[in-house]
Amino acid sequence: MFSTDDFARYTQWSGIATLIFAVITLVGFIFKWGIRFRLAGATGFMLVLTGGFFPLSLTPLTRTVIPGAIRYKLVFDNGSSKAVIATSPQITPLQLDATLRQAASDLFSYGRLGTREENQLTVRARTIVHPEPGLSVPLYLGQVKRSLSNRDDSEMKIDIYEDKFAQLPTDT
C-alpha cells in the first residue's frame with residue numbers, strides 16, 4: 001500500500017512533468033506545431049493527475065490494527081451514530097473486546113453526524129445462534145461507544161455481555 005510520503009513524491013514529479021508539458025505546449029502554440037492541441041490535452045491530463053496526487057499526499061492512508069481482533073462483517077450502518085457488526089459464534093470475550101475496538105476504529109469518520117442527545121458512535125456486535133433446527137436468533141454480545149469528533153478517543157466505553165456468552169454453542 002502506498003504511503004503519504006510516496007504520494008508526496010509522486011505529486012512532486014507529476015508537478016514537474018506538468019510544468020515541462022506546459023512549456024512544450026506553449027512553444028508548440030508559438031511555433032504553430034500541428035501537435036499543439038494534443039500537447040494541450042496531455043498538459044491538462046497531467047494537471048488533473050497532479051491534482052489527484054496532492055490530496056493523497058496530505059491524508060494518512062494507514063489503518064489501525066488492534067491485536068487479537070477477529071474478522072467481522074458490517075451488517076448495519078446508518079451513516080450517523082449506529083452500526084452493527086456480525087462475528088463468529090466461536091468468539092471469546094477477549095476477542096470481542098479487541099474486535100469492538102477494531103470496528104470502532106475502522107468505522108470512525110469525521111463525516112458522521114450525531115445529535116444533541118447522542119453524540120457518540122455506538123457499534124454493537126452480534127452473532128446468530130440456532131437454538132433448534134430451522135430457528136435463527138440474533139444474539140448481541142457487546143457494544144462500544146466512542147466519540148464522533150475525536151479519532152483518538154481514550155474514553156471509549158466497551159460493554160461485554162458476559163451472560164450472553166453462556167448461550168453460545170460449544171464445540172464438542
Side-chain angles (χ1 to χ4, degrees), residues 1-14 45 48-172:
M1 183 171 188
F2 298 112
S3 70
T4 54
D5 293 335
D6 293 333
F7 281 113
R9 189 172 37 256
Y10 300 154
T11 302
Q12 181 181 10
W13 283 108
S14 182
F45 173 75
V48 169
L49 195 62
T50 304
F53 281 146
F54 179 68
L56 293 172
S57 70
L58 300 176
T59 307
L61 300 173
T62 57
R63 177 177 172 263
T64 303
V65 177
I66 307 294
I70 64 168
R71 292 181 59 91
Y72 66 88
K73 291 184 181 181
L74 182 66
V75 293
F76 172 77
D77 186 356
N78 69 357
S80 177
S81 63
K82 296 194 184 324
V84 177
I85 61 170
T87 64
S88 166
Q90 286 79 31
I91 194 167
T92 64
L94 200 56
Q95 290 173 325
L96 179 63
D97 182 83
T99 303
L100 283 169
R101 289 178 190 275
Q102 182 71 57
S105 174
D106 292 348
L107 296 174
F108 176 81
S109 170
Y110 290 111
R112 289 187 177 270
L113 301 174
T115 62
R116 283 191 182 145
E117 297 82 34
E118 182 150 8
N119 197 20
Q120 290 187 319
L121 171 63
T122 302
V123 180
R124 297 180 73 194
R126 67 123 169 103
T127 190
I128 301 290
V129 293
H130 307 283
E132 59 186 63
L135 180 63
S136 299
V137 177
L139 182 65
Y140 287 91
L141 301 173
Q143 72 177 17
V144 60
K145 289 189 176 200
R146 64 153 307 139
S147 169
L148 281 172
S149 59
N150 184 7
R151 177 171 285 286
D152 301 317
D153 187 6
S154 60
E155 298 180 16
M156 280 194 291
K157 184 175 183 314
I158 298 177
D159 295 321
I160 306 289
Y161 310 142
E162 298 283 345
D163 57 321
K164 301 292 185 178
F165 281 87
Q167 298 177 27
L168 291 177
T170 56
D171 291 336
T172 54

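These numbers were taken from a predicted model, which means no experiment stands behind them.
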**OP:** Could you please spell out the steps behind the side-chain contact (heavy atoms from CB on, under 4.5 Å) verdict for V129 and L168?
**Re:** CA-CA 7 Å; V129 293; L168 291 177; 4.0 Å; yes
Original post:
When you measure from the side chain of S57 to the backbone N and O of T4, does any donor-acceptor pair fall under 3.5 Å?
Top reply: no
Subject >> Over all atoms of both residues, closest heavy-atom pair of G142 and L96 >> reply: N-CD2, 4.1 Å
Subject >> side-chain contact (heavy atoms from CB on, under 4.5 Å) partner of Q143, the single match among R124, K157, K82 >> reply: R124
Original post:
What closest approach, in Å, do N150 and R146 show between heavy atoms, and which atom pair accounts for it?
Top reply: O-NH2, 2.7 Å
Original post:
Hey, does W13 have a side-chain heavy atom less than 4.5 Å from the side chain of F53?
Top reply: no
Subject >> Atom pair NZ/CD1 of K145 and I158 - distance to nearest 0.5 Å >> reply: 13.0 Å
Subject >> Heavy-atom check, side chain of L107 versus side chain of R112, under 4.5 Å >> reply: yes
Original post:
Can you tell me how far CD of Q102 sits from CZ of R71, rounded to the nearest 0.5 angstrom?
Top reply: 11.5 Å
Subject >> Minimal non-hydrogen separation, V75 against A86, with atom names >> reply: CG1-CB, 3.8 Å
**OP:** Give a yes or no on whether a salt bridge exists between D97 and R101, defined as a side-chain N under 4.0 angstrom from a carboxylate O.
**Re:** yes
Subject >> Point-to-point distance, once rounded to the nearest 0.5 Å, from CG of L121 to CG of L113 >> reply: 12.0 Å
Original post:
If you round to the nearest 0.5 Å, how far is CD1 of I66 from CG of L100?
Top reply: 11.0 Å
**OP:** Take atom CD of E155 as the centre, draw a 6.0 Å sphere, and report whether it contains more than 12 heavy atoms from other residues, nucleotides or ligands.
**Re:** no
Original post:
Can any side-chain N or O of Q95 pair as donor or acceptor with the backbone N or O of T92 at less than 3.5 Å?
Top reply: yes
Original post:
Between R151 and D153, is there a side-chain N and carboxylate O pair less than 4.0 Å apart?
Top reply: no
Subject >> Considering all heavy atoms, the nearest I128-S136 contact >> reply: CG2-CB, 3.8 Å
Subject >> pair I160-F165: side-chain heavy atoms closer than 4.5 Å >> reply: yes
Original post:
So, T87 side chain and Y72 main chain: donor-acceptor pair closer than 3.5 Å or not?
Top reply: no
Original post:
Counting distance only, does the side-chain N/O of D163 pair as donor-acceptor with the main-chain N or O of A166 below 3.5 Å?
Top reply: no
Original post:
Within 45° of the six-membered ring axis of Y140 and under 6.0 Å from that ring's centre, is NZ or CZ of R126 located there?
Top reply: no
Original post:
Considering only heavy atoms from C-beta outward, does the side chain of S88 approach that of T127 to under 4.5 Å?
Top reply: no
Original post:
Would one find more than 12 heavy atoms of other residues, nucleotides or ligands at under 6.0 Å from atom CG of L135?
Top reply: yes
Original post:
What heavy-atom pair brings T99 and A69 nearest, and what distance separates the two atoms?
Top reply: OG1-CA, 3.6 Å
Original post:
Closest approach of S80 and L148, non-hydrogen atoms and distance?
Top reply: O-CD2, 3.8 Å
Original post:
Within a radius of less than 6.0 Å around CZ of F54, do more than 12 heavy atoms belonging to other residues, nucleotides or ligands occur?
Top reply: no
Original post:
To the nearest 0.5 Å, how far apart are CG in L58 and CZ in F7?
Top reply: 11.5 Å
Original post:
Measuring from Q120:CD to S149:OG, what's the distance to the nearest 0.5 Å?
Top reply: 9.5 Å
Original post:
Going by heavy atoms in the side chains, are L139 and L141 under 4.5 Å from each other?
Top reply: yes
